[in-house]
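To start, the structure itself, in structure tokens.
Just the heavy atoms: all of them, side chains too, but no hydrogens, waters or symmetry mates, feed the values below.
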Amino acid sequence: MARRRLELEEEKTSIDLSSMIDCIFILLIFFIVTTVFVEEKGVAVAKPDAAAAAPASGEETTKVVLELTEQGEVRVDGKVVPLADVPGRVRAGIEDETTPVVIRAHEKASHGAFVALWDAAQRGGAVTLSFNTVN
């Protein structure tokens, strides 16, 4: 009888993990299949170098500043100008192609008005364009 007890104690129970592994593989396949690998289009922005961030000491740089208000009005030197006049104003304000043109857009201005102003500045000969938002 002692022998039978030893045989019962030596038997080990095990948990069958095959169904759990199957579920994990099904979930993995589901996530791989449903993942979307789409590259979204956007506007290409040229980032300036760190050396170009600040002008050399003693040099005064001239720049053309265009302002875009919340209502979509374009201002040059504080005066409201129509969008059609922007290329001429930019052409008159820049000395060469390295003259910076800055667009200060209100944070609630429409993106369409901003892009139209950006295009008008480029038509005026602006090569070095940058922008910032104001409240």
Side-chain angles (χ1 to χ4, degrees):
M1 260 186 130
R3 216 169 203 208
R4 287 187 186 166
R5 261 191 209 149
L6 289 175
E7 289 178 9
L8 289 177
E9 289 177 5
E10 289 180 11
E11 277 186 34
K12 293 191 176 185
T13 59
S14 63
I15 298 174
D16 186 19
L17 297 177
S18 62
S19 61
M20 185 177 71
I21 292 173
D22 289 343
C23 290
I24 290 174
F25 280 127
I26 289 172
L27 284 173
L28 181 66
I29 290 170
F30 173 76
F31 286 123
I32 290 173
V33 169
T34 59
T35 303
V36 178
F37 297 103
V38 176
E39 185 176 328
E40 294 188 19
K41 303 285 183 196
V43 177
V45 178
K47 297 177 185 175
D49 294 334
S57 60
E59 287 185 25
E60 180 96 13
T61 59
T62 60
K63 61 182 175 182
V64 178
V65 179
L66 306 171
E67 297 178 19
L68 182 63
T69 64
E70 183 178 359
Q71 294 79 21
E73 297 175 330
V74 179
R75 294 185 182 188
V76 179
D77 297 328
K79 298 175 188 171
V80 177
V81 296
L83 189 61
D85 291 347
V86 170
R89 297 282 183 127
V90 170
R91 210 172 288 118
I94 60 175
E95 296 170 354
D96 57 6
E97 66 180 31
T98 61
T99 303
V101 177
V102 179
I103 298 175
R104 290 187 183 150
H106 192 275
E107 64 182 5
K108 294 185 180 178
S110 74
H111 290 93
F114 173 77
V115 171
L117 181 60
W118 185 280
D119 289 340
Q122 283 184 331
R123 282 193 312 269
V127 177
T128 309
L129 274 166
S130 63
F131 68 94
N132 57 14
T133 56
V134 293
N135 301 7

Problem - side-chain contact (heavy atoms from CB on, under 4.5 Å) assessment of V81 paired with R75 - result: CA-CA 6 Å; V81 296; R75 294 185 182 188; over 6 Å; no
Exercise for the section: Would you name the heavy atoms of A121 and L129 that are closest together and state the gap between them? Expected result: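 What the structure gives for the nearest pair is CB-CD2, 3.9 Å.
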Exercise for the section: Determine the minimum heavy-atom distance between A120 and P87, stating which atoms define it. Expected result: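 Looks like O-CG, 3.5 Å.
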State the [atom1]-[atom2] distance between [X] and [Y], to the nearest 0.5 angstrom.
X	Y	atom1	atom2	answer
I103	T133	CD1	OG1	12.5 Å
D119	L83	CG	CG	9.0 Å
L17	D22	CG	CG	11.0 Å
C23	L28	SG	CG	13.0 Å
F114	F131	CZ	CZ	5.0 Å
L117	E67	CG	CD	10.5 Å

Heavy-atom check, side chain of [X] versus side chain of [Y], under 4.5 Å:
X	Y	value
R89	V76	yes
L66	V86	yes
V90	V101	yes

Problem - Distance-only donor-acceptor check, side chains D96 and T99, under 3.5 Å - result: yes
Practice task
Would you list the pairs meeting side-chain hydrogen bond (donor to acceptor under 3.5 Å, both in side chains) in which at least one residue belongs to residues 120-132, sequence neighbours left out?
Solution key: none
Exercise for the section: List for me each residue that meets side-chain contact (heavy atoms from CB on, under 4.5 Å) alongside A113, sequence neighbours excluded, and say none if there are none. Expected result: L68, S110
Practice task
State yes or no: do F30 and F25 share one hydrophobic cluster built from I, L, V, M, F, W and Y residues joined by side-chain heavy-atom distances below 4.5 Å, directly or via other members?
Solution key: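 The answer is no; the residues belong to distinct hydrophobic clusters.
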